[in-house]
Structure formats: C-alpha cells, structure tokens
Chemist: 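Just dropping this structure here.
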Amino acid sequence: MQPFDLVLFGGTGDLAMRKLLPALYRRHLAGQIPPGSRLLGVARGDLSREAYVALVEASCRASEGSLDATQWPAFVERLHYLSADALRPDSFGAIAGFLAGRDEVTRVFFLSTAPALFAGICSQIGRLGLATPASRVVLEKPLGQDLATAEIINQQVGAAFGEHQIYRIDHYLGKEAVQNLMALRFGNALFEPLWARGRIRHVQITVAETIGVETRGSFYDQTGALRDMVQNHLLQLLCIIAMEPPASSDADAMRDEKLKVLRALRPITGAAVLAKTVRGQYRAGASGGKPVSGYLEETGVPVDSGTETFVALKAEIDSWRWAGVPFYLRTGKRLQEKVSEIVVTFEDVPHSIFGPSAGVQSPNRLRICLQPCDSITLTILAKSPGDGMRLKPVDLSLDLAASFKTQQLDAYERLLMDVVKGNLTLFMRRDELDAAWRWIDPIREGWAQHDASPKGYTAGSWGPAASSVLIGRDGFGWHGEL
Ligand code: BG6
C-alpha cells in the first residue's frame, strides 16, 4: 500500500463513528495505512483536532473493546480534522490547503453525508480543482429516491469526477459471505450444470432483521423497505446468484453481467403489483423476549404513516437460463430472527422408485447463510437406518468461518481498502443503479395507484400472512417458516 489521503465528509456522523473509523483503525493494525497517509475528518462542528481524536478514540474503543496502546499513537498521528460547511463555499479553502502539494498521492473523498449535500461538496471539489486524476469519490446510499433523483445525483457527482472515479457503496457486496457466494459459483464446476431452469425450481432471498427503525424513524419513513433494502442489497444478491459467469473478475466484466440480470428482470407494473408484492408494517409485539412498540409509535414516524417496513415479492428473470424460475425476495424489520440467506430449491426427482412408504421426498436444497452464520448447507435425502426404505433429509454442512479460523474483515474494511487500491469490482456502476431504480419505481407507482397500504404484522413474527400466501400460491413456502 502506498500512502494516501482520505477526506471523510460527515466525519463526526453515525456511520463514520460506528463503522468507518473503527474499520480504518483495524486496517491500521493490519499495516494497511502506511506512514505518510492522512485521514481527515470534515464536519460542520467547530472541533479542535484533540477533541476529534477523543471522539474517534471513544468510538474505536466502543467498537473494539480495547485499543492497542503501542499502535494507537501512530493511528492518531494520521488523524486530522477540519470544519467545513457544504453549503458555504468559502469554508472549503482549508481543505484545499490541507491537500495542496500532494496531487500525485491517492486521494479519497468519502461522502458519508446526506445525499442532499453531495452536489454542494462535489461542486466545491471541482471548483477548487481538488479532483486530481489520482482521486476517487465514495458515495453512501441512499443514492436517490427514484430514477429521476438518482440521475440528478449522478450528474452532479459526474460533473467533478469521471465514472471510473466514482465508488457507489453497497456494503453487502463487501461482506465476506457475499464474496464466498462468488467463490461458490465461479470457483467450482460442480454447481454450474445445475444452475438453471429445469434443475432449479425456485430461489428465495431473505434479509430479515430483528431491530426496528431505532433512531432513524424520520429518515426511514421517507425511505421504506423497498428503497432501503430491496433496491440495493437484495437486488445485488439476486444478481450474484443469477448472473452469467463473467469472463474475468475485472470490475466491468462483473458489472456487465450483473447489469444484464437487472435489465432482464420482468417489470412488475399496474395490477401485477398487487399479485406479486406484499407490503407490511410492524405493529407492537415482542423482540428477544421483550415487548416492543409498533412502527407508528416510533420516534420521528407520523402516526398515520403508510411506509412499509416489510416487503416480499416475486421476481422473474426473462432469460434462457431463468425462464420459469421464480425468485422470491423478502426483507423486513422486527422479524422473528436476524438472518440473511439464499435458499435454492432444486427440482423434484423426475420419477420416484420408492413409493409412498418411503415418506415425503422433499427436493434437494442448497442454503447459503450469509449472516449471522457464514455457512453452506446442502440438503439431500438419505435412507433412514432400520427396516424398510424410509427416506429422510440430511444436511451436508460447511461452516466457512470455522473452516478458515481466521478473523473476517468487516465489509467496510474491505471496501475502504478497495477504494484506496482502485478496485471497482464491489461497487455499483451508474447503469446498474439506474437499472435497479427502473425496476423498483413501477412497484412504488403501482402501490400508490392501487392504494396498497401496508398490512400490519406483529413484531417478532415473519411478516404479514399475505407473504406466505404470495409464495404459497405457487405451491411453495418460505424456508424457516415451514
Ligand atoms: C442498511 C439499511 O443499508 O442495511 C438498514 O439502511 C439495515 O436499514 C442495514 O438495517 C442492514 O445491514 P446489515 O449489514 O446489518 O445486514
């Protein structure tokens, strides 16, 4: 690693304190922030460098438990702070002064701010000539509310940076388990012949959370589960499962293939929205054995809010590989368990030789658990010991974390270092983002046209009953609920 400068806008914000700075500290411990690198926190608050260091220390301590006394001083040496206001152009002079004379050094601008500030920040970066050829800009979601607003952000950021300099973060792509998904598909010849219609019956992608909206009520209410989770994380998972093998792991080769999946998604429009999607909103219930309030009682949420905290939908991909194979997507807050998983159910045997006495012959299933575990489980049928021929499902399980016994990188650690190294593979390209919005927007429009207000579900459940009806209509059930 060569020394680099990282300018963190929103440097005192929640993401910076909870995730980014602890991730940078861990990379420092791993020797990836070489001497001569500088980490500049930028925020509106008028803080001294010492006060900023104290804030960072508290957040790293909270995240890591304890700090390495021998390494901490060198990390502090790299930390700096400047106050600037994205809405006051004159306040950027100090940042320009800080960066002056280091045009050859890799320069990362991380915009961990409200998207409304992206334009102001990028126009100052452009005006002051700070976007050198060695510069990159990192954008955190939400990247727009819909296609139109996403395009405005892309144009504003694109006025200062070339597309090859723009890193749009989807932190799911930085997760070890998601990388493993790529290894599973493209590092093994075993699955490829099975990975298509005729072999796979259906695919489920679930990202379930037990938490509610916590302190983000007013932000979340403007967003909802479809935009917060489906437009990005779930669609990216779907892309990785469904994409054609790329010619290489080169960023554009990967992103070209993901884009083809997004473009092949059958639009869900008009009345089909009612048949193929379910919106839900949590009501009071229990989580982890404790009573919790409903969404409408959360701070910052209007009492008559119609925002969804749960979405289930049936996606179809119009391609030779996937014609007729439904992909069921489901995500929600205040669900029964925190789990992110992909469940691939294979076709039934074409003809059973065993007869009814063998018991129910459930199809083979591959479950890829992304979190909280990082495991792959293949369910096969085996003969149950004893007299007669009774078949029982048994699991072939692989616990990836236990197999490798090394500590996993946090998603932000990997993504931050990829930005510094200039590796765009795990970041969304503009056309991917556009294609995702193009598919999502009609769903929202359909909900508005057909007045599809969210169905209530009890906190701690698996979402509204309509979600089971959605998948049940095709003769299937959600994994974990059966
Ligand atoms: C974020 C969403 O992108 O992902 C949050 O804005 C959600 O609402 C979070 O809680 C889930 O991420 P993870 O890594 O905990 O699965």
Side-chain angles (χ1 to χ4, degrees), residues 10 13-20 22-23 26 63 110-115 138-145 150 167-181 205-240 279-282 287-288 292 295 298-301 305 307-311 329-342 368-375 401 408-416 426-428 432-433 436-437 440 454 459 463:
D14 181 61
L15 182 74
M17 287 297 159
R18 253 183 340 103
K19 294 278 186 187
L20 303 178
R26 284 197 292 278
S63 144
F110 196 120
L111 273 47
S112 172
T113 64
V138 187
L139 308 178
E140 257 299 331
K141 69 185 260 284
L143 294 176
Q145 287 278 307
Y167 291 68
R168 296 179 189 83
I169 284 208
D170 182 317
H171 79 278
Y172 263 61
L173 291 182
K175 287 182 190 270
E176 189 79 28
V178 177
Q179 310 266 291
N180 250 321
L181 203 52
I205 303 177
T206 295
V207 178
E209 299 185 272
T210 49
I211 55 169
V213 292
E214 302 188 295
T215 51
R216 300 157 77 219
S218 52
F219 158 78
Y220 192 88
D221 201 62
Q222 301 299 311
T223 308
L226 188 70
R227 292 196 278 224
D228 188 43
M229 298 295 286
V230 181
Q231 187 270 344
N232 35 71
H233 308 325
L234 276 89
L235 283 186
Q236 286 293 321
L237 293 178
L238 176 133
C239 284
I240 296 170
R279 303 175 78 199
Q281 192 183 70
Y282 61 83
S287 178
V292 291
Y295 178 68
E298 301 279 16
T299 314
V301 174
S305 169
T307 298
E308 77 284 351
T309 60
F310 175 96
V311 177
L329 274 49
R330 165 177 75 151
T331 185
K333 300 230 177 255
R334 285 279 185 239
L335 296 182
Q336 200 172 98
E337 250 179 67
K338 175 162 176 75
V339 64
S340 301
E341 66 177 15
I342 296 162
I368 304 153
C369 178
L370 306 172
Q371 58 185 25
C373 44
D374 182 2
S375 63
Q408 294 192 354
L409 256 60
D410 171 78
Y412 279 103
E413 283 178 72
R414 170 174 294 110
L415 294 174
L416 280 163
L426 299 178
F427 299 85
M428 281 191 288
E432 270 184 273
L433 183 75
W437 279 124
I440 289 290

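The chain is numbered in sequence order, starting from 1. Read the numbers this way: they start at 1 and go in the same order the structure lists the ligands and their atoms.
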Chemist: What class does the angle between the rings of Tyr295 and Tyr282 fall in, given that below 30° is parallel, 30 to 60° is tilted and above 60° is perpendicular?
Modeler: perpendicular
Chemist: Out of Val339, Leu15, Asp228, whose heavy atom is nearest to atom 6 (O) of ligand 1?
Modeler: Asp228
Chemist: I need the nearest protein heavy-atom contact for atom 12 (O) of ligand 1: residue, atom name and distance, please.
Modeler: His171 NE2, 3.2 Å
Chemist: Quick one: look up the protein heavy atom nearest atom 10 (O) of ligand 1 and list residue, atom name and how far away it is.
Modeler: Glu209 OE2, 2.5 Å
Chemist: Return the residue, atom name and 0.1 Å-rounded distance of the protein heavy atom closest to atom 14 (O) of ligand 1.
Modeler: Lys175 NZ, 2.6 Å
Chemist: What atoms of ligand 1 come closer than 4.0 angstrom to any heavy atom of His233?
Modeler: 1 (C), 3 (O), 4 (O)
Chemist: Quick one: do Arg168 and Glu432 make a salt bridge, cutoff under 4.0 Å?
Modeler: no
Chemist: Look at atom 16 (O) of ligand 1 and say which protein heavy atom is nearest, naming residue and atom and giving the distance to 0.1 Å.
Modeler: Tyr172 OH, 2.4 Å
Chemist: Can you name the residues that form a ring pair (Phe, Tyr, Trp, His ring centres under 6.0 Å) with Tyr167, not counting sequence neighbours?
Modeler: Phe427
Chemist: Just to verify, which of Val138, Leu415, Leu15 counts as forming a side-chain contact (heavy atoms from CB on, under 4.5 Å) with Leu20?
Modeler: Leu15
Chemist: List the steps, then state whether side chain to side chain donor-acceptor pair (under 3.5 Å) holds for Thr223 with Asp228.
Modeler: CA-CA 6 Å; Thr223 308; Asp228 188 43; 5.8 Å; no
Chemist: Applying side chain to side chain donor-acceptor pair (under 3.5 Å) to Glu341 and Gln371, what does each step give before you reach the verdict?
Modeler: CA-CA 7 Å; Glu341 66 177 15; Gln371 58 185 25; over 6 Å; no
Chemist: Answer side chain, backbone, both or neither: which part of Lys338 comes under 4.0 Å from ligand 1, heavy atoms only.
Modeler: side chain
Chemist: Taking only heavy atoms of Lys333 into account, list the atoms of ligand 1 that are under 4.0 Å away from them.
Modeler: 5 (C), 7 (C), 8 (O), 10 (O)
Chemist: I'd like to check which ligand 1 atoms, numbered from 1 as shown, lie under 4.0 Å from a non-hydrogen atom of Lys141.
Modeler: 1 (C), 2 (C), 3 (O), 6 (O)
Chemist: Any carboxylate oxygen within less than 4.0 angstrom of a Lys/Arg side-chain nitrogen, looking at Lys175 and Asp374?
Modeler: no
